[in-house]
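Here is the structure we will look at.
These numbers come from the heavy atoms of this one structure, side chains and all, not from hydrogens, waters or symmetry mates. So you know, we letter chains A, B, ... as the sequences are listed, proteins then strands, and number each from 1.
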There are 2 protein chains.
Amino acid sequence: MTDQVIAGTDLTRLRELNSLTIVSALRDQPPATVTELAKLTGLSRPAVDVIAQGLVTGGWATVVEPDGSSVVGRPARRYRFRASAGHVIGVDVGAHKILALLADLDGTVVHTARRSVAADANASERLAALDDVLAVCLSESGKTAQDIWAVTAGVTGPVDATGKTTLFAVLPGWQTVDLAAHLSNRFTCPIIVENDCKLAALAERWQGSARDANDIVFLLAGMRMGAGLIIDGVLRRGFGGAAGEIGALKAVRWLSAPAHLQGCPGVPTTVGPDDAAAWTFNAARDGNRDARAAVNRYVKDIAVGTAALVLALDPQVVVFGGGFSRSADLVLDPLRRELQKLCLRVPDVRASTLGADSVALGALRLALNEVDRRLFTVGLSAPPAAPRREESPAQSNEVAGTKV
Amino acid sequence: MTDQVIAGTDLTRLRELNSLTIVSALRDQPPATVTELAKLTGLSRPAVDVIAQGLVTGGWATVVEPDGSSVVGRPARRYRFRASAGHVIGVDVGAHKILALLADLDGTVVHTARRSVAADANASERLAALDDVLAVCLSESGKTAQDIWAVTAGVTGPVDATGKTTLFAVLPGWQTVDLAAHLSNRFTCPIIVENDCKLAALAERWQGSARDANDIVFLLAGMRMGAGLIIDGVLRRGFGGAAGEIGALKAVRWLSAPAHLQGCPGVPTTVGPDDAAAWTFNAARDGNRDARAAVNRYVKDIAVGTAALVLALDPQVVVFGGGFSRSADLVLDPLRRELQKLCLRVPDVRASTLGADSVALGALRLALNEVDRRLFTVGLSAPPAAPRREESPAQSNEVAGTKV
DNA sequence: CGGACTTTGTAAACTCCATAGCAATATTGG
DNA sequence: CCAATATTGCTATGGAGTTTACAAAGTCCG
């Protein structure tokens, strides 16, 4: 209230803002000419020219000399955002697998590293596997930890502001794990730990089936059920990072919902508990009566919590994602019918298009958000380099508050 | 995606931005000296001086000549935001009353007009009463409709983007009423129609008991139960304007909750249905067993829906408001206990401090938001004057998206 | 009562940024 | 080879903010 932080706007600050404007325009894909950028940003051509050259000398952009393009007039030099100036890592620390994605500043995935983990592996085993995946991902892509500008890790369970899963943890022995601290020993850049559902929601809006929507309820459906909320284009974490945890309500039968699929009469004893749900979905698709009934009971159970979220937020889209999204063909229609019964205004119900990679992709996006946030606060005056982590712990709520 | 609207930043635009910065600083209360403003905004003294003088000549600020203040050095001229340059109206179209507030650009209420309406009055009677209240409010404060910069009206029931209550209406005969159109005949300025719960939530954050919080679930408790959501400091309406309508879920017993209070054994037959709840609260406060049990049943019923909202959003604060907030002393503790049972992380539970005026106050705030939005898009170059309504209907979601 | 001190108000010089308009340049098509 | 066309490069112009300097208007203290 007292120090209403207001940006004093200097002349140099204006240049900085315009530079950032050019960078923003440049990043929305293809190499652009000065005139295109001028038209796009509203700045004059000379101004854009000076700024673009400054970006090149600063290392933020590269020149694309004109190739044989078939237009009248002198061929224009094109400028391209130097996405390879930095890289980020997004990693999904899941129950069954660890998946790390390494991407450049455009979000283009450069390298992928995956490793299976036993569902009952203890915390230190899982952390060792994580280290292994990260090391492989770095070495195979020819990078070192110092080349990485931001790292985001996704885990199950609500994550508080300090990056810990104190409320409850699903992974064995995970209550006491401080993942952010663990990663801090390996990276000097900012590190963010976030709930898997929230990350998957972010991914779905970024590259998935909800690219057009600003108000999204994302369901991560698998052996555990969770939700991630995007409101007005921004991922919402809640005050304590526990937004979307509607499954904790007893009246919402999210905890027990998957049991209908696992306990379906007729599941062969040879099928392990992890594959039972898949078996039931397949059987339902083949017309098995019991399986269809089980799926319907499952949908009925998840619909109540979904309806609660829909009524609370009135979103434009509900995205059905997670492991079970492979069977979305069986779920979507009955889910729509249930929501019709329960809600005032039924949103679009769509299937996830990203599947099992969504959490890691969302982690990537959040890491990029962190990079963007720095860019827009620190500016472009310094040459591109991996930022050092601030002493104060990363405030996830701030990072999440970036559009796209 | 194509026209990523980017502000081309001209030199004059920079001046505009700095002027807006000064205005923002100026509005946060008391008349300030040039040096104070310079320190506050980061601009140099000469720059602030020029801008401040420009604001005075433009009609946006006034000079306060130094009075006998006992400080060392030359006494400083002070500048004050000219809040009286414009006025806005916020009006609550309630079931029992219509309350209109007229305020200046600082939000200081200049005039109040109130009128009782029968709960079963039909739509045209209610609209006539509204017209009457507005006319009285204007004439008694010596203003005309042309002096008003924005009008916001609060009604029960979810309001869609066009300002209509199509989903369902509580007021008799209100389904077909186009309140925005009705008001358009009387005012040329922007007109916003909004749900009462949402407005009350806004008020509570502005001047009520949730001033410190950015993530708020507000409960409007009365004969009808509703909620308004503020997330990250901004009122959230949802894609279709129906955010917070968790009461539509059958498992949430919000519809039937007040019946416990009305149907409490021992309510005298002389007490009308509207006052029965008050009687029960009073009886409970006096130790009446049946009344206490009724209150407890009531709290248990509203707690489920509240818990759903809390789990969905993980807010910092839950505010108990509306007509029943007078009896918050009986409700808050049991409500906290119930939430403790149902939620992961229990937020602060507080009573509203604004009472029955909260809806009209929130309407005022939303009207001011609209004025601010215009200010920040149109700029200060034009002298202060009542804006004319755009042809396109006011997009409430945009207006709501202003902090504070 | 007068001088020292402090703070405000104002003017001038300087720097920086963006714009506008013109000349030079490079490519295509005839 | 020349004309048409579009881009690039350059210079002059004007606007905005900062710094510096100095006069003006008070208070404090001897």
Nearest to the side chain of [X], which nucleotide is it out of [options]?
| X | options | result |
| --- | --- | --- |
| B:N18 | C:dG9, D:dG17, D:dT8 | D:dG17 |
| A:L14 | C:dT8, D:dT19, C:dC17 | C:dC17 |
| B:V34 | C:dG9, D:dT18, C:dT19 | C:dG9 |
| A:P75 | D:dT18, C:dA26, C:dC16 | C:dA26 |

Round to the nearest Å and state the distance from [X] atom [atom1] to [N] atom [atom2].
| X | N | atom1 | atom2 | value |
| --- | --- | --- | --- | --- |
| A:E16 | C:dC16 | CD | P | 15 Å |
| A:R78 | D:dA6 | CZ | P | 15 Å |
| B:R74 | D:dG26 | CZ | P | 7 Å |
| A:L37 | D:dT7 | CG | P | 12 Å |
| A:I51 | C:dC17 | CD1 | C1' | 9 Å |
| A:D49 | D:dA6 | CG | C1' | 15 Å |
| B:L17 | D:dG17 | CG | P | 10 Å |
| A:L11 | C:dT19 | CG | P | 13 Å |

Exercise. Would you sort out whether B:R365 and B:E370 count as a side chain to side chain contact (heavy atoms under 4.5 Å, CB included), showing the intermediate values?
Key: CA-CA 9 Å; B:R365 181 64 256 178; B:E370 163 68 16; over 6 Å; no

Quiz item: According to a strict under-4.0 Å criterion, is A:T12 in side-chain N/O contact with OP1 or OP2 of C:dC16?
Solution: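 Negative; the distance criterion is not met.
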
Quiz item: Can you find a side chain N or O atom of A:Q53 that sits less than 4.0 Å from OP1 or OP2 on D:dT8?
Solution: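 A:Q53 to D:dT8 OP1/OP2: no side-chain N or O under 4.0 Å.
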
Quiz item: Within the structure shown, what part of the strands sits under 4.0 Å from B:R45 by heavy-atom distance: base, sugar-phosphate, or nothing?
Solution: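 If one applies the 4.0 Å heavy-atom cut-off, B:R45 turns out to touch a base.
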
Quiz item: What is the nucleic acid contact for A:T33, judged by heavy atoms within less than 4.0 Å: base, sugar-phosphate only, or nothing?
Solution: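 Contact class for A:T33: none.
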
Quiz item: Are B:R211 and B:E204 close enough for a salt bridge, meaning some N to O gap below 4.0 Å?
Solution: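 Salt bridge flag = no for B:E204 with B:R211.
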
Quiz item: Does a side-chain N-to-carboxylate-O contact under 4.0 Å join B:R237 and B:E194?
Solution: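 The answer is yes: the pair qualifies as a salt bridge.
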
Quiz item: Quick one: on DNA chain D, does A:R77 or B:S44 contact a more 5' nucleotide (nearest heavy atom)?
Solution: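 Per heavy-atom nearest nucleotide, the more 5' residue is A:R77.
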
Quiz prompt | Aromatic B:W60 / basic B:R82 pairing, under 6.0 angstrom, 45° off normal | solution =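 B:R82 over B:W60 ring: no.
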
Practice problem: Check whether the side chain of B:R15 and the base of D:dA16 form a donor-acceptor pair under 3.5 Å. | Solution: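 Result: no qualifying N/O pair found.
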
Quiz item: What distance do A:L202 atom CG and A:N369 atom CG have between them, rounded to the nearest 0.5 Å?
Solution: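 A:L202 atom CG to A:N369 atom CG measures 6.0 Å (nearest 0.5 Å).
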
